[in-house]
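Written below as C-alpha cells is the structure these notes are about.
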Amino acid sequence: MAVQLKSIRGVHDGLPQDVRQWQQVEQRARAIFKRYAFEEVRLPILEPTELFVRSIGEATDIVSKEMYHFVDQGGDDLCLRPEGTAGAVRAFLQAGLTRAGAQRWFYAGPMFRRERPQKGRLRQFQQIGVEWFGGEGPSEDIELLAMAAAFLEDLGISQVRMEINSLGCQQCRPLYRDLLVKFLTTQHANLCETCCERMDKNPLRVLDCKIASCQNALTDAPEMVAHLCEGCDQHFTGLKSGLDALKVPYRVNPRIVRGLDYYNRTAFEAVTDQLGSQGTVLAGGRYDGLVAELGGEATPAIGFAMGVERLAMLLPEAESASVDVAVITMGDALLNHSLNLAQQLRHADLCVVHCGLGNSKKQFKRANREQARFVVVIGESEAAQGLISLKNMATGEQQQITLEAALQVIAG
RNA sequence: GUGGACGUAGUUCAAUGGUAGAGCCCCGGCUUGUGAUGCCGGUUGUUGGGGGUUCGAGUCCCCUCGUUCACCCCA
C-alpha cells in the first residue's frame, strides 16, 4: 500500500515494541539515579537560539548546521533543543539556585539535530541526561562515573567500556594546544585532508581521526594528560584513584575530545563496538565555566547524556506484558454480564481482555492471539449457576468453578 | 553537506526487457459451546513517487522521496 503521509526523515515512531525497550532503559536509570539522590526535571524543548549559540559554541557543527531553528509569529528566534545541558544551566540560573547547594538533576526527552540519519543516529532522538551543579570534584566526578557504570551494569549491557580523559582547563589547554599544533605541523604530510583543515579549526579533533594513517602519524603526539597544570593533574589523579577504589572499570584514552566548547577537565565516553560507527552510548564531562558563561555566579558542574535508542539497540527484544485472562461470552444477551465479570477480574489486578461477541471459535482465536494464559467462558449454564468456566490455555484443562476459586487458580 | 547500496502484497522475498509470483500472516470452511496442530478454499499490489527510452519497463536512463551504510559530526 502506498503510504501517503509519512513521518519525516530521521524521525521515527516509537511503536510498542520500541517503547518497551525505552522503558527498560528509563526505569533502570530512574532506579539507579534515585540511589544517588538525583531528581527529575522537565525542561522546555523550545529554547531561544541564543542559548545554544552561547553555550555550545557558534563554530560547532551542532550550532552552525544541525539546529532546527525558526522565527515564530512574534519574531522570536527559537530552536528545538539539540542537547540538554544548555537548557539545564539556563533553568538553574533562572530559578536562582546558585546558592541553593548542590543540585543533582536528571531529565529524559527528545533532542533534535538535522543530520544525515544512519544506524543509531536520528534527527529526533531521546536522551537521558544528568547534571550535577555545585561540586568541583573530583569526588563528584568519581560518583557520577560510578553511577553511570552502575546504570550500564544494571541494564545488563556488557561489551561497553568506559574511557576517560582530562581536557585541562583555560590555563593549561591553550599551552597544550600550541604544543600539539607544533607537532602536527611536523606531520603535515602524513595527515589526511580533513585533518589538515582541523589543524586550523580545531586541532584537538585531529586526535580522534578514524583514519589509520593519521593515527600512525600521531604515535608520538603530545598528550593532554601529560601536560596538565598542577590543579588539573591533581584532579585527574584523584579521579583515577577514586575509580580504582570503587572498582569502576575504565581506561584512560588520551584521544577523547569533546565536540562542545563548554567542557573542561574530566571527559568520558562509554563505547561499544556493537553499533557500527556510532559506538558512543553515553558521554559527558565537566563544564565548570558554563554557568558563568551564561551570566551566573561561577558554579562548577559535571554531567553526561546517553542515547536511549542506542542503548535500546543493545538490549534483547522485550516481550509485552502477558494477558492473564480473556473473557468469552456465549450469547449476546450475556454481554453486560461478561463485561461486568471482566471488570471484577481487573479489580483483582489482573490483565484482562474481553473478546467481544461472535461465535466461540472466533472469540477463542482472539484469546489465543492475545496469548492469554486463561480463558473465562460465560454461557447460559454458567450464568444460571453463578459459576464461570475457567480454561488453562497452555494445558487445555477446563473447569466450572466460582469466581473466587478461579482467582486462586489464576494466581497460583 | 559528500559518497555507496537498496525500495515489488500486511510481512519476508522471487520474477534472461515479454501475462507480477511464492512462503508466512490474514479471512472463510471442515467444527454455530472451545484456541494453538491438520486438511480444503479465498482476498491482497498505482512494483515508493514523477518523467524518459522502447512495439513493450518491476527490470534500462534521469529526477525526487524514503531506508540503510560510511564520511563529516555526534548520544
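Residue numbers start from 1 in every chain, and the chains themselves are labelled A, B, ... in the order their sequence lines are given, proteins ahead of strands.
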When you measure from the side chain of [X] to the backbone N and O of [Y], does any donor-acceptor pair fall under 3.5 Å?
X        : Y        : result
A/Arg310 : A/Val281 : no
A/Arg113 : A/Glu83  : no
A/Asp18  : A/Leu15  : yes

Length of the [atom1]-[atom2] vector between [X] and [N], whole Å:
X        : N     : atom1 : atom2 : answer
A/Asp61  : B/C73 : CG    : P     : 7 Å
A/Lys362 : B/G35 : NZ    : C1'   : 15 Å
A/Glu83  : B/A75 : CD    : C1'   : 11 Å

Could you check whether [X] gets within reach of a base, just the sugar-phosphate, or nothing at all, counting any heavy atom under 4.0 Å?
X        : value
A/Arg369 : sugar-phosphate
A/Gly120 : base
A/Ile128 : nothing
A/Lys365 : sugar-phosphate
A/Ala283 : sugar-phosphate
A/Gly396 : base
A/Val308 : nothing
A/Glu380 : base
A/Glu66  : sugar-phosphate
A/Gly284 : nothing

Sticking with atom [atom1], work out how far [N] lies from [M], rounded to a whole angstrom.
N     : M     : atom1 : result
B/G66 : B/U47 : C1'   : 16 Å
B/A9  : B/A14 : P     : 12 Å
B/C25 : B/G10 : C1'   : 7 Å
B/G41 : B/G49 : C1'   : 37 Å
B/G29 : B/C69 : P     : 45 Å
B/U8  : B/G48 : P     : 6 Å

Compare side-chain N and O positions of [X] against OP1 and OP2 of [N] and report whether any pair is under 4.0 Å apart.
X        : N     : value
A/Ser277 : B/A70 : yes
A/Arg9   : B/U67 : yes
A/Lys119 : B/C69 : yes
A/Lys361 : B/G35 : yes
A/Gln118 : B/A70 : yes
A/Arg121 : B/C69 : no

| message | What's the closest nucleotide to the side chain of A/Arg114 if the choices are B/G1, B/G33, B/U34? | response |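 So the side chain of A/Arg114 is nearest to B/G1.
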| Relative to the 5' end of RNA chain B, which residue comes earlier, A/Phe125 or A/Ser7, by the nucleotide with the nearest heavy atom? |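 Checking each residue's closest nucleotide, the 5'-ward one belongs to A/Ser7.
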| Considering heavy-atom distances to RNA chain B, does A/Ala367 or A/His12 have its closest nucleotide positioned more toward the 5' end? |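 Looking at the nearest nucleotide for each, A/Ala367 comes out on the 5' side.
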| query | Between atom CZ of A/Arg104 and atom CZ of A/Phe38, what is the distance when rounded to the nearest 0.5 Å? | reply |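 That separation rounds to 6.5 Å.
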| For residues A/Arg20 and A/Gln24, is any side-chain donor paired with an opposing acceptor at under 3.5 Å? |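 No.
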| Criterion side-chain hydrogen bond (donor to acceptor under 3.5 Å, both in side chains) on A/Tyr262 and A/Asp288, from CA distance to verdict | CA-CA 8 Å; A/Tyr262 51 63; A/Asp288 294 332; over 6 Å; no
| message | Between B/G33 and A/Glu382, counting only base atoms on the nucleotide and side-chain atoms on the residue, is there a donor-acceptor pair under 3.5 Å? | response |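 Pair found.
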| query | Is the base of B/U34 touched by the side chain of A/Gln363 through a donor-acceptor pair closer than 3.5 angstrom? | reply |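 No pair found.
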| message | Counting only heavy atoms not in A/Gln344 (residues, nucleotides, ligands), do more than 12 fall under 6.0 Å from its CD? | response |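 Atom CD in A/Gln344 is packed in, count exceeds 12.
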